Protein chains: 2
Amino acid sequence: MKKKDLTKETKILDATVAIIINYGASAISTTKVAKHVGISQSNIYLYFEDKQALLEGVYLREISRLEETPEMKLVMDADRPIIERCFNYLKAMYDFAMANPYSLFVISQIKGLSKSFPDLIEKLVSGHNPVATLFEDGVQAGVLRSIDRSLPMTLIFSVIQRHVENVQNGSYAKNVVSFEELSRLIWGGIAIVPYPSHLLHS
Amino acid sequence: MKKKDLTKETKILDATVAIIINYGASAISTTKVAKHVGISQSNIYLYFEDKQALLEGVYLREISRLEETPEMKLVMDADRPIIERCFNYLKAMYDFAMANPYSLFVISQIKGLSKSFPDLIEKLVSGHNPVATLFEDGVQAGVLRSIDRSLPMTLIFSVIQRHVENVQNGSYAKNVVSFEELSRLIWGGIAIVPYPSHLLHS
DNA sequence: TTGATAAAAGATAAGCCTATCTTTTAAGGA
DNA sequence: TCCTTAAAAGATAGGCTTATCTTTTATCAA
């Protein structure tokens with residue numbers, strides 16, 4: 001019997017991402033994805049139940065890429081000092097976003113696609129959300145501002161995403177806005193302790 | 001001869017907004033909008049050149065609503081102290097967003113719809129963009145952080161939008177996160193002078 | 001009252017979309 | 001080598017979409 005091509009699922013996800021990057025998530029169709037991969041349109045349904053599942057697959061893979069970063073793993077190490085973990089979280093997000101300039105864009109595109117998507121995504125992600133714990137620890141320790149964590153999380157995500165977009169579309173050069181400048185902006189918002197300059201070069 | 005119904009353009013825009021609120025901007029079609037208004041689909045083309053123009057119309061109207069707020073007009077008064085103008089800008093954005101809970105959502109939905117939309121929108125809004133001047137003045141006066149203004153602008157927009165969304169979907173009650181708490185978060189990010197508590201009740 | 005005129009509705013072409021069903025193809029085991 | 005079986009391609013139904021073209025309707029002016 002014939003076996004499934006195990007690389008094909010990846011290829012389909014890659015093609016979907018490519019289309020989102022170039023035309024936005026609303027432009028996604030199984031027809032276009034199939035054409036991009038070079039397979040028949042119906043073939044996609046052997047790897048994904050429907051279009052919704054395909055989009056969820058892209059979303060989840062992108063989230064995992066972020067979470068499985070070595071730097072991000074380190075952030076989640078509860079033995080390290082909390083201020084260091086919070087700061088390194090910013091650095092990890094920044095490094096990831098710069099290394100994967102379209103990742104945050106793809107995530108936000110899928111999130112914003114359908115009104116019902118955000119709820120669904122909460123379900124998909126919740127449970128195994130280690131960032132939530134980090135924020136709670138940070139507040140407890142008096143490092144982070146005591147406020148619903150969705151607000152600082154949104155702040156971090158959108159500011160970094162915007163920065164990467166600015167660099168990407170040539171609005172300014174990469175070095176015009178350094179990590180220090182960007183993280184000072186973010187830190188000023190989310191934290192209630194002074195900016196930890198000493199952690200910059202570690 | 002027959003005259004155009006001058007209220008119809010408004011009705012079409014309203015219907016478009018309603019659909020965006022309920023199903024997201026990707027769900028917009030002239031068919032659905034027409035059905036919602038109770039007119040024929042082709043009738044829409046008498047008021048808007050094409051679907052793109054319709055979406056631009058919605059976008060521009062929403063931006064205008066925000067800019068034409070009395071509070072926002074006050075913010076742009078260059079005779080007032082700059083720290084007051086900056087702070088009142090936050091208050092104006094907050095009040096507007098709370099009074100029009102879906103306005104920022106609609107704006108961001110349209111912005112994120114097509115990859116080519118952002119550029120177009122910059123063109124549409126720039127030129128008559130008084131907020132840019134406010135930010136420049138703020139930096140010059142040593143009130144605001146010296147950084148590309150798109151970053152603090154994104155910060156303000158996304159944090160307030162998120163807050164309104166949280167309230168809207170019952171994530172927390174309106175009074176759980178006060179304007180003071182929210183504006184302290186934002187101010188900590190964008191400003192380099194202490195939070196102006198004295199401006200809270202004016 | 002009638003005629004000119006523009007708005008509104010109706011009809012339609014051409015295309016894309018999803019999801020399913022059917023047919024072909026190819027790989028591995030017997 | 002041949003047969004089984006699942007993957008892949010093909011075909012298709014049914015629906016929605018945009019934009020244009022044609023026909024009807026209603027209003028204003030003469």
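Sequence lines set the chain letters: A, B, ... in the order given, protein chains first and strands last, and positions in each chain run from 1. Because the structure is predicted, anything quoted here is derived from the model rather than measured.
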Short N/O separations, protein against nucleotides 13-15 of chain C, under 3.5 angstrom:
none

Would you please name every residue forming a side chain to side chain contact (heavy atoms under 4.5 Å, CB included) with [X], sequence neighbours left out?
{"X": "B:Lys8", "answer": "B:Asp5, B:Ile12, B:Ile39, B:Asn43, B:Tyr47"}
{"X": "B:Ser183", "answer": "B:Phe87, B:Leu90, B:Phe179, B:Tyr195"}
{"X": "A:Glu165", "answer": "A:Phe105, A:Gln161"}
{"X": "A:Val143", "answer": "A:Ile82, A:Ile83, A:Cys86, A:Ala141, A:Trp187, A:Val193"}

Just the rounded figure in Å: distance from [atom2] of [N] to [atom1] of [X].
{"X": "B:Asp50", "N": "D:dT17", "atom1": "CG", "atom2": "P", "answer": "16 Å"}
{"X": "A:Ile19", "N": "C:dC16", "atom1": "CD1", "atom2": "P", "answer": "14 Å"}
{"X": "A:Ile12", "N": "D:dA7", "atom1": "CD1", "atom2": "C1'", "answer": "12 Å"}
{"X": "A:Glu49", "N": "C:dT18", "atom1": "CD", "atom2": "C1'", "answer": "13 Å"}

Run the salt bridge (Lys or Arg N to Asp or Glu O under 4.0 Å) test against [X] and tell me which residues pass, sequence neighbours left out.
{"X": "B:Lys51", "answer": "none"}
{"X": "B:Arg85", "answer": "B:Asp137"}
{"X": "A:Glu49", "answer": "none"}
{"X": "A:Glu181", "answer": "none"}

Residues in ring pair (Phe, Tyr, Trp, His ring centres under 6.0 Å) contact with B:Phe135, at least two apart in sequence or another chain =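 Partners of B:Phe135 under the ring pair (Phe, Tyr, Trp, His ring centres under 6.0 Å) test: none.
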B:Tyr23, OH: over 12 other non-hydrogen atoms inside 6.0 angstrom | no
Evaluate whether atom CD of B:Gln168 has more than 12 neighbouring non-hydrogen atoms of other residues, nucleotides or ligands under 6.0 angstrom away.
-> yes
Look at B:Tyr47 and C:dA7 and indicate whether a side-chain polar atom (N or O) is within less than 4.0 Å of OP1 or OP2.
->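 No, B:Tyr47 has no side-chain N/O under 4.0 Å of OP1/OP2 on C:dA7.
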Verify the contact: side-chain N or O of B:Lys8 to OP1 or OP2 of C:dA7, cut-off strictly under 4.0 Å; return yes or no.
->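 Checking C:dA7 against B:Lys8, no side-chain N or O comes under 4.0 Å of OP1 or OP2.
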Work out how much the helix from C:dT1-D:dA30 to C:dA30-D:dT1 bends between its end axes, five pairs an end, to the nearest 10 degrees.
-> 0°
Selection: residues 22-46 of chain A, any non-hydrogen atom under 4.0 Å of DNA chain D |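 Those residues are A:Ile39, A:Ser40, A:Ser42, A:Asn43, A:Leu46.
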